[in-house]
Amino acid sequence: MSKYLTEHNFPEDLRNMDYDQLELLSYELRDFLLESVSKTGGHLASNLGIVELTIALHRCFDTPKDKIIWDVGHQSYIHKILTGRMDAFDTLRKYGGISGFPKSCESEYDVFDTGHSSTSISLGLGLAAARDLKGEDYKVVSIIGDGAMTGGLAFEALNNAGSMHTNLIVVLNDNGMSISKNIGGLSGSLGRITSTDKYLHMKTKVKKGISKVPVIGESMVSGIHHAKENIKYAVIDGILFEELGFKYIGPVDGHDIKELCETFESAKSLKGPVLVHAVTCKGKGYSHAENRPHKYHGIGAFDLDSGAAVSKSTGKSYSAVFGDKLTEMAAEDQRIIGITAAMADGVGLEGFMKKYPKRFFDVGIAEAHGVTFAAGLAKAGQRPYVAVYSSFLQRAYDQMLEDVCLQNLPVTFCIDRAGVVGADGETHHGLFDIAYLRSMPNMTVLAPKDGPELEAMLELSLKIDGPCAIRYPRGTAADLHCACAEAPGKAMRLKQGKDVDLWAVGNMTAHALAAAEILQEEGIDAGVINAASIKPLDVEMLHASASAVPLIITIEDGIVSGGIGEAIKACISQKEKNVINLGWPDQFIEHGTQNELYEKYGLDARSIAETVKQNMK
C-alpha cells in the first residue's frame with residue numbers, strides 16, 4: 001500500500017501537502033482504484049477522470065463544513081477514499097458494504113444521497129438558500145458532468161440560481177461523455193461554430209500566413225491553436241452561463257491540481273453564483289478505459305492487464321433480446337421508432353441504431369422529453385418504443401400520464417432493469433413501476449417470464465392500439481420452455497395444483513416453479529400461474545383459481561403496496577379465500593446481489609415454499 005494513502009489523515013492533510021505530493025497522491029489513488037474496482041466491479045471510467053478534481057475540492061474547501069454535492073453520484077469513489085472509507089473499499093457495492101453512491105448514513109462528508117442525473121445544482125441551491133436564511137457561513141459546491149447538462153432540471157436550476165444571486169459554486173466536469181456519447185445542441189454548439197465556412201476560411205488564411213514566418217512560424221501555429229481553443233470555450237460557453245447570471249471561469253485543466261486549486265480559491269472569493277468549467281479525460285490513466293470509456297463506465301470484475309471481464313455472461317441478456325427483436329420487427333414495419341435517453345448500449349439498442357439511424361433517437365439524459373417526444377411521433381402515426389431503465393422512467397411520470405395515456409397513444413415503454421438490480425442499490429432498483437403504471441388509465445402492463453415471452457410481447461404490442469408497458473429484469477434471459485402470453489388480460493397456467501396456486505409475475509415465475517417442486521417433495525400440490533398481464537388482469541382465470549384452491553400466493557418483483565397482489569386480493573376478497581401477497585416491503589431496498597436480496601426478503605424459491613407451508617397450517 002502506498003505511503004500517501006496510509007500515512008495521512010485525509011482530507012485534512014491535503015491542505016498541508018505541496019503540489020508535488022498531491023501529484024504523487026493522484027497516481028496512488030488511481031492505482032488503488034484500479035486494483036479495487038477490478039475485484040469488486042463498479043463505475044470506473046468516470047472516477048479515473050475525476051481524481052485531481054476531487055483532490056483539489058477537498059484541499060480548497062473546508063469539508064465537511066463546506067458542502068460538496070455529487071451529481072449522479074457514481075463519480076464519488078475518490079471522494080469516499082479521501083473521507084475515511086479506503087479500508088472498506090473491498091466491500092464496495094456488496095451486501096452490507098459501502099455503497100457505490102453517496103450515502104449520508106455512511107459519512108458526514110456525503111451531503112445527499114444522489115443516484116440520478118442532473119440534480120446537484122438544484123440540491124446545492126436549496127442548501128445555499130437555507131444557509132442564507134439561517135445566517136450560516138459555509139460554501140456549497142455542486143459537481144455536474146457535461147452529460148447531465150442534457151437534463152432539463154440542470155437548466156431550471158441554473159436559471160433559478162442566476163436570479164437568486166446567492167453564493168453557489170457549480171463545477172462542470174467536461175469529459176465529453178455521459179454513459180453514451182453526448183447528445184444535443186449544447187454539446188454540439190462548439191462544433192457547429194468551428195465548422196462554418198467563414199470560420200474555416202479565416203482559419204486557413206491565418207494559418208498559412210503565420211506558418212511562413214521564418215524559424216518560429218510552425219510553433220506559433222501550434223500555440224495559437226491552443227489559445228484559440230481556450231478563447232472559443234471562454235467566449236461561447238462563457239456567454240451561455242453569464243447570460244444565466246453566473247460568473248464563468250474556464251476552461252481549466254481538470255488534471256492540473258495547481259491550476260484547479262488556484263481556480264477554486266478565486267471562485268471562493270467571488271460573490272453570487274460561479275461556474276467553473278474543468279476539462280477532464282474519462283478513464284484517465286488506464287488505457288483500456290480511455291479508449292473505450294463507455295465500456296468501463298460500469299463494469300464487473302476484470303483483469304487489470306487485459307481489461308477483459310473475469311466472468312462472462314453465459315446467455316443473452318433481456319436487453320439484448322429486446323434490442324434484437326425490435327430490430328427484426330423494424331425490418332417489417334417502417335413505423336417502428338427506437339428511443340432512448342443516453343443509454344443506447346445499456347438498453348440493447350446499439351444494433352437498431354446502426355441499422356436504422358433515421359428511426360433511432362437518443363434524446364440525452366432527458367426522460368421526460370423523450371416520452372413526450374414519443375407521444376408526438378405516435379400522434380403522427382409512428383410506433384415509438386421508449387427503452388429506459390425502470391428507475392429512470394420515474395422521472396417522466398407526468399408525461400406518461402398526460403401526454404401518452406390521456407391521449408391513448410400507441411407508445412410502448414420497454415422497461416429494462418425492472419425489480420431489484422443488485423449492487424447499485426436504492427436509487428437504481430426498479431420496484432415502483434407496477435404500482436404507478438397500474439393507476440394509469442388506458443395503460444396495458446405486461447411482464448415476460450423469460451426471453452421468448454419478451455419477444456412474443458413485443459410482437460403483441462403492435463396489436464395494442466394504445467399505451468403499453470413491458471417490464472423485464474436485469475440479467476440473463478431464461479427460457480422456461482413454457483407457453484407464452486397470447487393477449488393482454490390473459491394469464492397462463494403452467495402447472496395444475498389442488499392445494500395452492502402461485503400467481504407469479506415476470507421473472508418470479510421461475511421462482512414459483514422452483515418453489516412448487518420443493519413443495520411437491522413435501523406433499524403439497526402447488527399450481528403455478530404466469531400472471532403475464534398485470535393490467536388488465538385475467539379475472540376469469542383468477543375466479544377459477546379461487547374456486548379451486550384454498551390458498552393463493554402472489555409473487556412480484558415490485559413493491560407490494562399498489563402492486564398486482566393487492567389487485568388480486570381486492571378482486572377475489574368476496575370469495576373469502578386466503579390471499580398472501582409477496583413482494584418488496586414499503587421501504588427502500590439496500591444494495592446486494594439479486595439472490596441475496598431475494599433470500600432476505602422472502603422471494604427466493606425456498607422462502608416462497610416456506611410461506612406456503614406456514615399458511616397451509
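Because only heavy atoms are used, hydrogens play no part in the values below, and waters and symmetry mates are left out as well, while side chains stay in. Positions are given from 1 along the sequence.
Other residues, nucleotides and ligands place no more than 12 heavy atoms under 6.0 Å from the NZ atom of K39. Within a 6.0 Å sphere centred on CG of D18, heavy atoms belonging to other residues, nucleotides or ligands number more than 12. A 6.0 Å sphere centred on CZ of R15 holds more than 12 heavy atoms belonging to other residues, nucleotides or ligands. Counting non-hydrogen atoms of other residues, nucleotides and ligands closer than 6.0 Å to CG of D586 gives a total of 12 or fewer. Atom CD of E106 sits in a crowded spot, with more than 12 heavy atoms from other residues, nucleotides or ligands closer than 6.0 Å. Other residues, nucleotides and ligands place more than 12 heavy atoms under 6.0 Å from the OH atom of Y436.
Checked options V421, I415, V347, D424; the residue passing with Y389 is V347 (criterion: side-chain contact (heavy atoms from CB on, under 4.5 Å)). Each of L153, V72, I69 was scored for a side-chain contact (heavy atoms from CB on, under 4.5 Å) with T119, with one residue passing: L153. Only one option out of D433, D416, D557 pairs with R471 in a side chain to side chain donor-acceptor pair (under 3.5 Å); it is D433.
T593 places a side-chain N or O within donor-acceptor distance of the main-chain N or O of E596, the cut-off being under 3.5 Å. Under a 3.5 Å cut-off, the side chain of H43 and the backbone N or O of F101 do not form any donor-acceptor pair. With hydrogens and angles disregarded, a donor-acceptor distance shorter than 3.5 Å links the side chain of Q75 to the backbone of D71. A distance-only check finds no donor-acceptor pair linking the side chain of S120 to the backbone of W70 [under 3.5 Å]. Checked by atom type and distance alone, the side chain of D110 never pairs as donor or acceptor with a backbone atom of P102 at under 3.5 Å. No side-chain donor-acceptor contact under 3.5 Å links E262 to the backbone of E259. Checked by atom type and distance alone, the side chain of Q407 pairs as donor or acceptor with a backbone atom of E402 at under 3.5 Å. Using modelled atom types, no side-chain atom of N159 and backbone atom of F155 make a donor-acceptor pair closer than 3.5 Å. Looking only at distances, no side-chain donor or acceptor of S107 sits under 3.5 Å from a matching main-chain atom of K103. Between the side chain of K139 and the main chain of K268, a donor-acceptor pair closer than 3.5 Å is present.
Considering only heavy atoms from C-beta on, I339 comes within 4.5 Å of V363 through its side chain. Between V404 and Q399, every side-chain heavy-atom pair lies at or beyond the 4.5 Å cut-off. Side-chain contact check for K284 versus V51: every heavy-atom pair is 4.5 Å or farther apart. Within the 4.5 Å cutoff, the side chain of V505 has heavy atoms near those of the I534 side chain. In this structure, Y77 and L92 have side chains that are in contact, with non-hydrogen atoms separated by less than 4.5 Å. Counting heavy atoms from C-beta outward, S46 and H74 have side chains that approach closer than 4.5 Å. The side-chain heavy atoms of L431 and V420, taken from C-beta on, include a pair separated by under 4.5 Å. In this structure, T83 and H58 have side chains that are in contact, with non-hydrogen atoms separated by less than 4.5 Å.
Put simply, CG on D174 and CE on M149 are 10.0 Å apart, with the number rounded to the nearest 0.5 Å. Considering CG of L275 and CD1 of I169, their distance stands at 10.5 Å, rounded to 0.5 Å. Atoms OG and OH, from S439 and Y397 in turn, are 4.0 Å apart once rounded to the nearest 0.5 Å. Atom CD1 of residue I50 and atom CG of residue L33 lie 11.5 Å apart, to the nearest 0.5 angstrom. Distance check: D403 CG to M400 CE gives 11.0 Å after rounding to the nearest 0.5 Å. D256 contributes atom CG, which lies 12.0 Å from atom CG of L53 (distance to the nearest 0.5 angstrom).
Side-chain atoms of D362 and T340 include no donor-acceptor pair closer than 3.5 Å. Looking only at atom types and distance, the side chain of R395 has no donor-acceptor partner in the side chain of S117 under 3.5 Å away. For the residue pair R417 and S319, a side-chain donor N or O sits within less than 3.5 Å of a side-chain acceptor on the partner.
Geometrically, K67 engages Y138 in a cation-pi contact, judged by NZ or CZ lying under 6.0 Å from the ring centre and within 45° of the ring axis. Judged by the 6.0 Å and 45° rule, R59 forms a cation-pi pair with Y19.
Nearest heavy atoms, L401 versus P441: CD1-CD, 4.2 Å. Residues S118 and G151 approach most closely at OG-CA, 3.6 Å, considering heavy atoms. Closest approach of N167 to R131, counting heavy atoms only: O-NH2, 2.8 Å. The minimum heavy-atom distance linking S390 with A418 is given by the pair CB-CA, 3.9 Å. For the pair M440 and C405, the tightest heavy-atom approach, listed with the atom from each and the gap, is CB-SG, 3.9 Å. Nearest heavy-atom pair, F89 versus T40, reported as atom, atom and distance to 0.1 Å: O-CG2, 3.9 Å.
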* Could you walk me through whether D345 and H294 pass the side-chain contact (heavy atoms from CB on, under 4.5 Å) test, one step at a time? => CA-CA 9 Å; D345 51 347; H294 63 284; 3.9 Å; yes
**Asked** Would T427 and T114 satisfy side-chain contact (heavy atoms from CB on, under 4.5 Å), going step by step from the backbone distance to the final call?
**Response** CA-CA 8 Å; T427 57; T114 51; over 6 Å; no
What do the steps show when you test L168 against V274 for side-chain contact (heavy atoms from CB on, under 4.5 Å), and what is the final call?
CA-CA 6 Å; L168 170 69; V274 178; over 6 Å; no
Check step by step if salt bridge (charged side-chain N to carboxylate O under 4.0 Å, His left out) holds for K258 and E23. CA-CA 9 Å; K258 185 173 185 293; E23 186 72 20; over 6 Å; no
| field | L44/H297 under side-chain contact (heavy atoms from CB on, under 4.5 Å): CA gap, chis, key distance, verdict | value | CA-CA 6 Å; L44 182 64; H297 169 76; over 6 Å; no
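Under the 30°/60° scheme for interplanar angles, the aromatic rings of F361 and F373 are found to stand perpendicular.
Proximity of the aromatic rings of H116 and F392 is defined here by a centroid distance below 6.0 angstrom, and this criterion is met.
A salt bridge links E590 with K600: at least one charged nitrogen is closer than 4.0 Å to a carboxylate oxygen.
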